[in-house]
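Since this is a predicted model, take the numbers as computed values, not measurements. Indexing begins at 1, ligand by ligand and atom by atom, following the structure's order. Index from 1, following the sequence.
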Amino acid sequence: MDRVLVVDDEPNIRESFARVLVREGYEVITAERGETAIDVVADSPPDVIVMDIHLPGLDGMETYKRLKTTHPRLPVIIMTGYGTTDLAIQATQLGAVDYQLKPFSPGAMLESIRHALADARLMQRTVALDPEGISTSTDAIIGQSAAMQAVYKDIGRVADTLATVLIRGETGTGKELVARAIYQYSARAAGPLVTVNCVAIPEGLLESELFGHERGAFTGATGRRIGRFEQAHGGTLFLDEVGDLPTATQAKLLRALQERAFERVGGGETIRVDVRVIAATNRDLEEAIAVGAFRTDLYHRLNVVAIHLPPLRQRREDIPRLVGYFMQRSAAKLPAPVPPIADDARTALNSYPWPGNVRELEHCIERLVIYTRGRSVQLEDVTKALQRPTGAMSTTATAEEPLRETIERYLQSPIGPNAHMQMIETVDRLLVEVALRLHDGNQTQAARALGLTRATLWSKVKRYGLGRGSEEPSAGVGG
Ligand SMILES: Nc1ncnc2c1ncn2[C@@H]1O[C@H](COP(=O)(O)OP(=O)(O)OP(=O)(O)O)[C@@H](O)[C@H]1O
Ligand SMILES: [Mg+2]
């Protein structure tokens, strides 16, 4: 259970927090003064702290600074009333993960807490490189194939430099694990690791997320905001899914990488930061460049040091070790005994193509441990555990009947020589058109829904004239 320390001198704030957080499954500790908070943390550090920046006695800013010195990786969310926003901003510049203006909505605060905990976990849980024993408190990168040993060498080679690293590989190959390992083995391991998932943030908000904004920079920008680049000062910034950045943001990122300088959105002041950048993508960047969705100069800037994670089907010798690893971890989690595996079941696991790579294998093993509860794993269990969620397939099946009727009518009417191509193109266009409509024109989300790369989607948008007159592949409105 995650423990939240709430520091506020107003009893009603402490009480309402306790009520909301306990309902969400958190354990809550409260303190009304900075001094008490420092004692509580020294005694037994919580997982996250939510504190008012305005406190009686030792003031919030001083309390924050002391906590930061003794517990640099402990996430702190600042609460602030009107009039003390400047202090809250200073605290974020010093590494506080977020600030919330009072009165805030419980939803926004919970979201902020969840985000802070997720980031902190990435920082705090260590990643071991193919260790002997298996522990449940550390994560590990498993694999002794030549390809994985090359990856470990790369990690060792780049970790201690300040070089920008680009981690590439299909989905589920362990890019995030590798990013965490680089951070942990780097000279900056004591500093913050700040993560931005470029695909999860609406396009319209990405620039402000990365670089911050000034008050009034756009509708809704009610105060200054410190971006992730600034928060990561002195530490490491992990740009996940960097291949999905809209081209406009790519230009700003390029400059930030080249000069370690940028302006907040709507601001004139040049901010200089000392940040080590690790980026990851599962996109085919060369293809994205070819269709104009990714900048060549940014590609070269990122690609100086690249680590390639091979798909699992190209390092099958790692499968047995991974199976053993996930069996032990899943069994420990339940808890349940580690089941023995029948020979034909083992062969099936070893020869399956694993299109979803290690993540798919991990989920498959979790299901097997749950199905079998200690009895041995049989071939049927593996077959069952490998069946993909049937939701999407049955929806295609329901779409088939009306489509069949439409095609029958189409072929019975007088048509030209390109009947086949015309119909294919109509369906192709409609898929893109409807996906865009369902996602309010946001191309990143539409591409995701269709399982296409943004670059491919963009080429279709252009081909079918579905854009909004914009030449940029970033026509989405976002938030
Ligand atoms: N070599 C490995 N050893 C052990 N676990 C692994 C390995 N590779 C991946 N995993 C596990 O598989 C899951 C997916 O890994 P991760 O999130 O790092 O993949 P990713 O490459 O970032 O995927 P995506 O492109 O979809 O974001 C995680 O649970 C991770 O711990
Ligand atoms: Mg990932």
Report summary line: atom 10 (N) of ligand 1 has as its nearest protein heavy atom Val358 CG1, 3.3 Å
Report task. Name the closest protein heavy atom to atom 17 (O) of ligand 1, giving the residue it belongs to and the distance to 0.1 Å. Result -> Arg359 NH2, 3.4 Å
**Report entry** Side-chain H-bond candidate by donor/acceptor type, Arg255 with Gln258, under 3.5 Å
**Finding:** no
Query raised in the report: Does the Gln250 side chain pair with the main chain of Arg295, one donor and one acceptor, at a distance under 3.5 Å?
Result: yes
**Report entry** Side chain Glu259, main chain Arg272, donor-acceptor under 3.5 Å
**Finding:** no
Report task. Using a 4.0 Å heavy-atom threshold (strictly under), name the region of Leu322 that reaches ligand 1: side chain, backbone, both or neither. Result -> side chain
Report task. Heavy-atom contacts with Glu241 under 4.0 Å: which atoms of ligand 1 show up? List them by number with element. Result -> 27 (O)
Report task. Measure the distance from atom 16 (P) of ligand 1 to every protein heavy atom, then report the residue, atom name and distance (to 0.1 Å) of the closest one. Result -> Gly174 CA, 3.7 Å
Query raised in the report: Between Arg315 and ligand 1, does any nitrogen or oxygen pair lie at a separation below 3.5 Å?
Result: no
Report summary line: If you scan protein heavy atoms around atom 4 (C) of ligand 1, the nearest is Ala140 O, 3.2 Å
Requested in this report: Quick one: do Ile370 and Leu334 satisfy side-chain contact (heavy atoms from CB on, under 4.5 Å)? Show the steps, please.
Outcome: CA-CA 8 Å; Ile370 294 171; Leu334 272 179; 4.1 Å; yes
**Report entry** Passing candidate, side-chain contact (heavy atoms from CB on, under 4.5 Å) with Val199, options Asp244, Thr281, Leu245
**Finding:** Asp244
Query - Ring centers of Tyr299, Phe294 separated by less than 6.0 Å - result: no
Query raised in the report: For Ile142 and ligand 1, does the shortest N/O to N/O distance drop below 3.5 Å?
Result: yes
Query raised in the report: Would you say the side-chain atoms of Thr164 and Arg301 include a donor-acceptor pair closer than 3.5 Å?
Result: no
Query raised in the report: Knowing that exactly one of Thr453, Asn303, Leu166 qualifies, which makes a side-chain contact (heavy atoms from CB on, under 4.5 Å) with Leu285?
Result: Leu166
Report task. Identify, by atom number and element, the atoms of ligand 1 in contact range of Ile141, meaning under 4.0 Å from any of its heavy atoms. Result -> 1 (N), 3 (N)
Requested in this report: Look at atom 5 (N) of ligand 1 and say which protein heavy atom is nearest, naming residue and atom and giving the distance to 0.1 Å.
Outcome: Phe326 CZ, 3.4 Å
Report summary line: Of Val50, Asp47, Val48, the one forming a side-chain contact (heavy atoms from CB on, under 4.5 Å) with Pro75 is Val48
Query raised in the report: Is it the side chain (CB and beyond), the backbone, both or neither of Asn282 that lies under 4.0 Å from ligand 1, heavy atoms counted?
Result: side chain
Query raised in the report: Is ligand 1 less than 4.0 angstrom away from at least one heavy atom of Gly172?
Result: yes
Report summary line: If you scan protein heavy atoms around atom 29 (O) of ligand 1, the nearest is Glu362 OE1, 2.6 Å
Query - ligand 1 to Asp240 polar contact by distance, N or O atoms, under 3.5 Å - result: no
Query raised in the report: Is the distance between the ring centroids of Tyr64 and Tyr99 under 6.0 Å?
Result: no
Query raised in the report: Relative to ligand 1, is Ala280 under 4.0 angstrom through side chain, backbone, both or neither, heavy atoms considered?
Result: neither
Report task. Compute the minimum heavy-atom distance from Gly143 to ligand 1 and say whether it is under 4.0 Å. Result -> no
Requested in this report: Would you mind reporting whether Leu257 and Arg260 have side-chain heavy atoms less than 4.5 Å apart?
Outcome: yes
Query raised in the report: Which residue owns the protein heavy atom closest to atom 26 (O) of ligand 1, what's the atom, and how far is it?
Result: Thr171 OG1, 2.5 Å
Query - Which residue and heavy atom of the protein sit nearest atom 30 (C) of ligand 1, plus the separation - result: Leu177 CD1, 3.8 Å
